[in-house]
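Here the structure comes first, spelled out in structure tokens, and everything after it is commentary.
Keep in mind it's a predicted model, so treat the numbers as computed, not measured. Just so it is clear: chains get the letters A, B, ... in the order the sequence lines come, proteins before strands, and each one is counted from 1. Heavy-atom basis, side chains included; hydrogens, waters and symmetry copies ignored.
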Protein chains: 2
Amino acid sequence: MTKRSPSPEAVAAWARLMRVSRQLVEKTEDALKAGGLPPLAWYDVLHELAEAGEGGLRPFELIDRVLLAQYGVSRLLARLEAEGLVEKLPVSDDGRGQTVRITPGGRDMRRRIWAVYGASIAELMGDRLSAEELKTLATLLARLRHPPTGN
Amino acid sequence: MTKRSPSPEAVAAWARLMRVSRQLVEKTEDALKAGGLPPLAWYDVLHELAEAGEGGLRPFELIDRVLLAQYGVSRLLARLEAEGLVEKLPVSDDGRGQTVRITPGGRDMRRRIWAVYGASIAELMGDRLSAEELKTLATLLARLRHPPTGN
DNA sequence: TCCATATAGATGCAAGTGCATCGATATGGA
DNA sequence: TCCATATCGATGCACTTGCATCTATATGGA
């Protein structure tokens with residue numbers, strides 16, 4: 001099988017995507033640090049758990065949602081639990097598993113992170129592109145998803 | 001100062017951008033690993049040094065180009081040197097500094113990485129969006145750069 | 001029932017990263 | 001000239017991540 005070459009347009013778009021996404025993450029992480037808040041990954045997990053409600057989520061369900069490896073989820077949950085932001089409950093019908101639920105403290109932390117995170121998004125994206133442009137951008141990016149029919 | 005809230009469009013575009021960029025990086029890093037090749041960051045540095053030619057670059061010049069912290073560049077260069085992919089030369093007019101130059105082995109490695117990297121870009125971007133769409137995407141992303149007048 | 005295999009989640013170890021700081025040289029002003 | 005300050009690059013230490021593997025439980029077929 002022969003290796004293919006990307007078009008100049010594909011390379012240019014790739015380069016922009018790599019560079020800009022890293023810049024935006026860095027800016028946002030810096031803002032969180034400046035506010036004495038934990039990294040973005042904590043927000044992602046707390047957000048998913050808040051959405052999930054009282055039923056909580058199984059760790060393996062978090063893996064694809066937050067795009068973290070299995071051991072990454074395991075260790076992140078251990079840290080969140082140590083901070084009292086989530087609690088782990090045994091699950092009755094599967095002795096191997098557990099259910100992870102957000103605590104009131106976790107909801108509060110999620111809110112505090114969002115105050116900074118949301119402001120960062122507003123500044124870095126909302127101020128720079130119109131609503132129409134943002135929709136176009138999201139649509140184009142959606143076409144790059146993996147798997148193509150997924151999220 | 002009051003914290004602002006991002007528009008739904010900004011949040012949606014942000015979420016897509018974060019998720020897709022991470023998926024693309026992950027896919028590409030996986031392809032490199034599968035080929036027994038080093039991470040993307042190595043390519044970035046080798047690419048910049050190849051572009052710079054025989055004159056090479058000072059480490060501090062690499063910092064902004066590859067979006068790495070000072071200590072990140074320092075240690076990455078040490079690894080590249082240990083692999084014989086770059087060489088460090090003293091610079092006559094500044095006793096603190098050095099010039100880093102790519103070696104033939106480094107150029108070869110760059111080529112080998114590109115065979116996989118380029119194919120990955122072609123598959124992940126070129127196959128999914130038209131040239132027009134790629135241009136639109138790159139243009140929109142460029143508006144998110146930091147600093148706004150920069151790269 | 002028993003056992004081979006699969007799945008959920010945790011973890012030891014090596015490698016990478018962030019932070020703070022260091023040593024060395026440069027620079028500019030008194 | 002001298003010294004305070006700035007810049008270049010490296011590094012010790014703590015923490016995080018990746019990889020491989022482990023333990024424990026579940027499942028399905030003979």
Original post:
Do A:Leu67 and A:Ile63 belong to the same hydrophobic cluster, where Ile, Leu, Val, Met, Phe, Trp and Tyr are linked whenever their side-chain heavy atoms lie under 4.5 Å apart, directly or via other members?
Top reply: no
Original post:
To the nearest Å, how far apart are B:Lys88 NZ and D:dG9 P?
Top reply: 10 Å
Original post:
A:Leu77 has an atom CG; how far is it from atom P of C:dT11, in whole Å?
Top reply: 13 Å
Original post:
Any side chain to side chain donor-acceptor pair (under 3.5 Å) pairs touching residues 48-62 of chain A, not counting sequence neighbours?
Top reply: none
Subject >> For B:Arg19, side-chain hydrogen bond (donor to acceptor under 3.5 Å, both in side chains) partners two or more places apart >> reply: none
Subject >> Whole-Å distance separating the CG atom of B:Leu76 from the P atom of D:dA10 >> reply: 12 Å
**OP:** Give, ordered by number, those residues of residues 44-58 of chain A having at least one heavy-atom distance below 4.0 Å to an atom of DNA chain C; if nothing qualifies, reply none.
**Re:** A:Arg58
Original post:
Separation of B:Leu89 atom CG from D:dC8 atom C1', in whole Å?
Top reply: 16 Å
**OP:** For B:Arg65, check side-chain hydrogen bond (donor to acceptor under 3.5 Å, both in side chains) against everything at least two apart and list the hits.
**Re:** none
Subject >> Residues that A:Glu133 engages under salt bridge (Lys or Arg N to Asp or Glu O under 4.0 Å), provided they are two or more places apart >> reply: B:Arg143
**OP:** Could you state the atom-to-atom distance from CG of B:Asp64 to P of D:dT7 in whole Å?
**Re:** 14 Å
Subject >> Partners passing side-chain hydrogen bond (donor to acceptor under 3.5 Å, both in side chains) against B:Asp30 (at least two apart in sequence or in another chain) >> reply: none
**OP:** Assign the ring pair A:Trp114 / A:Tyr117 to parallel, tilted or perpendicular, where the plane angle (0 to 90°) is split at 30° and 60°.
**Re:** perpendicular
**OP:** Among residues two or more places apart or on two chains, list those pairs meeting side chain to side chain donor-acceptor pair (under 3.5 Å) that have a residue in residues 72-85 of chain B.
**Re:** none
Original post:
For A:Ser74 and C:dA10, is the shortest distance between a side-chain N/O and OP1 or OP2 below 4.0 Å?
Top reply: yes
Subject >> By side chain to side chain contact (heavy atoms under 4.5 Å, CB included) - contacts of B:Pro39 (at least two apart) >> reply: B:Glu29, B:Trp42
**OP:** In whole angstrom, give the distance that lies between atom CD of A:Glu83 and atom C1' of D:dC15.
**Re:** 14 Å
Could I get a table of every N or O pair under 3.5 Å where one atom is in the protein and the other is in nucleotides 24-27 of chain C?
residue	atom	partner	partner atom	Å
C:dT25	O3'	B:Gly95	N	3.2
C:dA26	OP1	B:Gly95	N	2.5

**OP:** Please list, chain by chain and in numerical order, all residues satisfying side-chain hydrogen bond (donor to acceptor under 3.5 Å, both in side chains) with A:Arg112, sequence neighbours excluded.
**Re:** none
Check residues 85-95 of chain B and write down every donor-acceptor pair under 3.5 Å in which the side-chain atom is one partner and the other belongs to a residue at least two apart or another chain.
residue	atom	partner	partner atom	Å
B:Glu87	OE2	B:Arg101	NE	3.3
B:Glu87	OE2	B:Arg101	NH2	3.1
B:Asp94	OD1	B:Arg96	N	2.9
B:Asp94	OD1	B:Arg96	NE	3.0
B:Asp94	OD2	B:Arg96	NH2	2.8

Could you list all N or O pairs between the protein and nucleotides 16-20 of chain D that sit under 3.5 Å apart?
residue	atom	partner	partner atom	Å
D:dT17	OP2	A:Arg79	NH2	3.3
D:dG18	O5'	A:Tyr71	OH	3.3
D:dG18	N7	A:Arg75	NH2	3.0
D:dG18	O6	A:Arg75	NH1	3.3
D:dG18	O6	A:Arg75	NH2	2.8
D:dC19	OP1	B:Lys33	NZ	3.0

**OP:** Provide, to the nearest angstrom, the distance between the CG atom belonging to A:Leu68 and the C1' atom belonging to C:dG9.
**Re:** 14 Å
**OP:** Just name whichever nucleotide pairs with D:dA30, Watson-Crick or G-U, keeping both distances under 3.5 Å, else none.
**Re:** C:dT1
Subject >> Selection from C:dA10, D:dG9, C:dG9 that lies nearest to any side-chain heavy atom of B:Phe60 >> reply: D:dG9
Subject >> Separation of atom CD in A:Glu29 from atom C1' in C:dG18, rounded to whole Å >> reply: 12 Å
